[in-house]
Amino acid sequence: MRTLTELGNRAEAMLAELAAFSDDDGKLTRLYLSPAHRAAANLVGAWMREVGLDVGEDSLGTVRGRQKPTMPGKAGNRRLLIGSHIDTVVDAGRYDGMLGVVAGILAAEEIQARGIELPFGLDVLAFGDEEGVRFPTTLVSSSAVAGCMISSDLDACDSNGVTLRDALVAFGGYPETTTAAAYARDEVLAYLEVHIEQGPVLEAEGLPIGVVTSIAGQSRFSITVTGEAGHAGTVPMALRHDALAASAEMMLAIEAVARGGRAHQMVATVGRLRVRPGAVNVIPAEVVFTLDIRADADAPRLSAIAELEQRFRQIAAARGVSLVMEKFYESPTTPCAPRLQEAFVGAARDLGVAERRLASGAGHDGHAMHHLTDVGMLFVRCRGGISHNPAEFATVDDMGLAVETLIKAIERLAADAVSSGGPT
Ligand code: HGY
Ligand code: MN
Ligand code: MN
């Protein structure tokens, strides 16, 4: 049986080992189905084997470590799923996603070491496509597990024109049987995820962990503004159809609308922009930029999108440019199940930690898993609330406490399952 500090130290060591697998020299970038993802998946599978889990990999590349029920026959032979993702953004931190997979492996190991009997199976899942950075998709691997994958996502292309389907084959996946990755609804008890908060709340309140109430819904767009290339020296300002100047005005509108949605924790981000032809002395003819917009509820997010579309059309008309606004991802706000919140709150209380519930502004695989089963999340304090940044950091003590809280929450779910006599 490991102490909290030993659990935290083990987690830190595993995260450090995993962080070595990157597609970029000198920084951590691990994109879905890349060589770095392949190496990381192999290491995670080896860790799962070391702690006695039956290891497999599904058709979308999710590594799965399975532990049989030690009290079979109860809880309807269901399986408790614990997971997170091992893909990252560009120049990422080492905790976002990976901590949840490491926590699941350590919890499974401790449950066996302590002889804790479970009336349900335990599956630790390492998803590969939560960030959605390589392909214009996201949550593909957890969506396949949840049985809600959009098969056309297999035709999505990365910036080199490689389809997700071809990348999957090269990775060792098998795109022709994506449906085989799905669990049946009646074989799953719940889905739990441990994740860094990626925000400042827990640190500001001096709390090491918090229980998630909901995961913010989000919409992602690719916006193409087409104007007219021209000579930078000869076209008068009043006669220009400058795609970049028009896009800049649209971005200021995005910022203004999001600032106006403060009451709903609204945030909007233009994360990627491409200018063509991209010469110093040519008026930009075409700009393609992305929009990621989120809020704590669906209605304000959707009305903000409608307002932005109207403003973009007005700007385009005034500047004589054309506009195409394509949505490529949308996820509604996902609630975390009260019974799973209570399991985490009770576990934290057992460990002497004050109750703190909070919403997640970041998206998570729980958006997809909610299509299959109830979702519960535990947040871990992260320094300065920094994430999607190599400065991301969580302390050994907080990580150890999070793993122990996960173990105690699993014990509570086991007790519930036994006392209710059936599949809760
Ligand atoms: O974008 C997100 O919120 C998540 O980190 N993929
Ligand atoms: Mn994440
Ligand atoms: Mn992330």
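Atom set for the values below is all heavy atoms of this structure, side chains included, hydrogens, waters and symmetry mates excluded. Everything quoted here is computed from the prediction, not taken from an experiment. In listed order, ligands and their atoms are each counted from 1.
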(request) Write down the atom of Arg30, the atom of His37, and the distance for their closest heavy-atom approach. (result)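 What the structure gives for the nearest pair is CG-N, 3.6 Å.
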(request) For the Mn ion (ligand 3), find the closest N/O/S atom belonging to Glu131 and write down its atom name. (result)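 Nearest N/O/S atom: OE2.
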(request) Please find the N/O/S atom of Asp96 nearest to the Mn ion (ligand 3) and write down its name. (result)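 Distance check against the Mn ion (ligand 3) picks out OD2 in Asp96.
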(request) Enumerate the atoms of ligand 1 whose separation from the nearest heavy atom of His388 is less than 4.0 angstrom. (result)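 Reading through ligand 1 atom by atom, the close ones are 5 (O).
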(message) Need the ligand 1 atom indices (1-based, order shown) with element for anything under 4.0 Å from a heavy-atom of Ala362.
(response)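 Taking each heavy atom of Ala362 in turn, ligand 1 has 3 (O) under 4.0 Å.
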(message) As a quick check of understanding, evaluate side-chain contact (heavy atoms from CB on, under 4.5 Å) for Ile111 and Gln67, giving each step before the final call.
(response) CA-CA 10 Å; Ile111 283 166; Gln67 184 175 300; 3.9 Å; yes
(request) Tell me whether His364 has at least one N, O or S atom under 2.8 Å from the Mn ion (ligand 2). (result)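 So His364 does not count as coordinating the Mn ion (ligand 2).
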(message) the Mn ion (ligand 2) and Glu130: any N/O/S contact shorter than 2.8 Å?
(response)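 Coordinating: no.
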(request) Indicate yes or no: does an N/O atom of Glu130 lie under 3.5 Å from an N/O atom of ligand 1? (result)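 Among all N and O atoms of Glu130, at least one is under 3.5 Å from an N or O of ligand 1.
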(request) Output yes when the distance from some N or O of ligand 1 to some N or O of Gly363 is under 3.5 Å, and no in every other case. (result)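 Looking only at distances, the answer is yes, because the N/O contact criterion of under 3.5 Å is met.
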(message) So that I can tick it off, tell me whether Arg10 and Glu6 are bridged by a salt bridge, with the cut-off set at under 4.0 angstrom between side-chain N and carboxylate O.
(response)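 No, Glu6 and Arg10 are not salt-bridged.
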(message) Here's one to test your reading of the geometry: is the NZ or CZ of Arg78 within 45 degrees of the ring axis of Phe120 and under 6.0 Å from its centre?
(response)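 Not satisfied by the 6.0 Å and 45° rule.
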(message) In this structure, does ligand 1 have an atom that sits under 4.0 Å from one of the heavy atoms of Arg220?
(response)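 Within the 4.0 Å threshold, so yes.
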(message) Could you go through His364 and Met369, starting from their C-alpha distance and side-chain angles, then the distance that decides it, and tell me whether this counts as side-chain contact (heavy atoms from CB on, under 4.5 Å)?
(response) CA-CA 9 Å; His364 299 285; Met369 297 303 284; over 6 Å; no
(message) Quick test of your reading of the structure: of Arg294, Gln198, His195, whose heavy atom lies closest to atom 3 (O) of ligand 1?
(response)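 Answer by nearest heavy atom: Arg294.
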(request) On the 0 to 90° scale, with breaks at 30° and 60°, tag the Tyr191-Phe127 ring pair as parallel, tilted or perpendicular. (result)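 Plane angle between 30° and 60°, so tilted.
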(request) Could you go through the side-chain contact (heavy atoms from CB on, under 4.5 Å) check for Tyr32 and Leu168 one step at a time? (result) CA-CA 9 Å; Tyr32 183 40; Leu168 194 53; 4.1 Å; yes
(request) Could you confirm whether His388 has any N/O/S atom lying under 2.8 Å from the Mn ion (ligand 3)? (result)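 Yes, since at least one N, O or S atom of His388 sits under 2.8 Å from the Mn ion (ligand 3).
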(request) Just give me the atom name: the N, O or S atom of His195 closest to the Mn ion (ligand 2). (result)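 The Mn ion (ligand 2) is closest to the His195 atom NE2, counting only N, O or S.
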(request) Examine distances only and state if a side-chain atom of Thr269 and a backbone atom of Gly271 form a donor-acceptor pair shorter than 3.5 Å. (result)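 No, Thr269 side chain to Gly271 backbone: no donor-acceptor pair under 3.5 Å.
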